[in-house]
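Notes follow once the structure below has been shown.
Note that the coordinates shown come from a computational prediction; the quantities given were computed from them, not determined experimentally.
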Amino acid sequence: MSAGLAFTQALYVLVFIGDKTRQGMADFVSTPQISETLNIPKPSVVRILKLLGQEGLVETGAGIKGGVRLSEDPGSISLDRVYRAIEGSRPLFRLDHFLNVTGARPEAAAARISATLKETEEEFNGSLRRRSLADLLG
């Protein structure tokens, strides 16, 4: 199991946008430029930008010099917000597996597995909360 490719692509998109605006190369970055430079199909970029926009992480500008830009300072954009924008609020691990066996040993093993996966998810989420887009921009 892994997070979808869209989360990784969203990080690349945000870093690209943040870097272009930080360097003063553009106020807004076009979707075709993002798609071509990052080698992400345009429909995927459009979907990612839509999800990021719904979370309030990017904003769009119309017109010939339009496109997309970060709506907040990179330091205030946690990677957790990006993850939730792309992946939603579903848990990282599914814990609804039921065994066809009963008894103390299988039930103890199932409890340990569940506890380990819950702890792993908490650590993952905490790690994403502690990091921001600014960390990725360097």
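The main-chain N or O of Ser132 is found under 3.5 Å from a side-chain atom of Asp135 such that the two form a donor-acceptor pair. In terms of modelled atom types and a separation under 3.5 Å, the side chain of Glu121 and the main chain of Leu92 share a donor-acceptor contact. Looking only at distances, no side-chain donor or acceptor of Ser71 sits under 3.5 Å from a matching main-chain atom of Glu59. In this structure a side-chain-to-backbone donor-acceptor pair under 3.5 Å is present from Ser35 to Ile40. A distance-only check finds no donor-acceptor pair linking the side chain of Thr60 to the backbone of Val68 [under 3.5 Å]. Checked by atom type and distance alone, the side chain of Thr116 pairs as donor or acceptor with a backbone atom of Arg112 at under 3.5 Å. Side chain of Arg47 to backbone of Pro43: no donor-acceptor contact under 3.5 angstrom is found. Without hydrogens or angle criteria, Thr37 side chain to Ile34 main chain gives no donor-acceptor distance under 3.5 Å.
A continuous path of Ile, Leu, Val, Met, Phe, Trp and Tyr side chains, each step under 4.5 Å between heavy atoms, connects Val45 with Leu70, placing both in one hydrophobic cluster. Hydrophobic clustering of Ile, Leu, Val, Met, Phe, Trp and Tyr side chains at less than 4.5 Å, counting indirect connections, unites Ile86 with Ile77.
In this structure, Glu72 CD and Ser78 OG are separated by 9.0 Å, a value rounded to the nearest 0.5 Å. Taken to the nearest 0.5 Å, the CG atom of Leu136 stands 6.0 Å off from the CG atom of Leu11. Rounding to the nearest 0.5 Å gives a distance of 10.0 Å between CG of Leu57 and CD1 of Ile17. With rounding to the nearest 0.5 Å, the separation of CG in Leu49 from OG1 in Thr31 is 5.0 Å. Going from atom CZ of Arg90 over to atom CD of Glu87 covers 5.0 Å, rounded to the nearest 0.5 Å. Separation of atoms NE2 (His97) and CG (Leu95) is listed at 11.5 Å; rounding is to 0.5 Å.
Of all the heavy atoms in Gly53 and Val58, the pair that sits closest is N-CG2, 3.6 Å. Shortest non-hydrogen contact noted between Glu55 and Arg84 is OE2-NH1, 4.3 Å. Across all non-hydrogen atoms, the minimal contact from Leu79 to Phe7 is O-CE1, 3.9 Å. A pairwise comparison of heavy atoms in Leu137 and Arg22 identifies O-NH2, 3.2 Å as the closest pair. Scanning both residues, Leu51 and Ala85, for their nearest heavy atoms gives CB-O, 3.6 Å.
Counting heavy atoms of neighbouring residues, nucleotides and ligands inside a 6.0 Å radius, atom CZ of Phe16 exceeds 12 of them. Atom CG of Asp96 is surrounded by more than 12 heavy atoms from other residues, nucleotides or ligands within 6.0 Å.
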| field | Val29 and Arg69: CA distance, side-chain angles, deciding distance, side-chain contact (heavy atoms from CB on, under 4.5 Å) verdict | value | CA-CA 6 Å; Val29 182; Arg69 68 178 174 194; over 6 Å; no

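The hydrophobic cluster analysis finds Ile64 isolated: no Ile, Leu, Val, Met, Phe, Trp or Tyr side chain comes under 4.5 Å of it, directly or through other members.
Contact of the Glu36 side chain with the Pro32 side chain is not registered, since no non-hydrogen atoms from C-beta on lie closer than 4.5 Å. Within the 4.5 Å cutoff, the side chain of Lys50 has no heavy atoms near those of the Val46 side chain.
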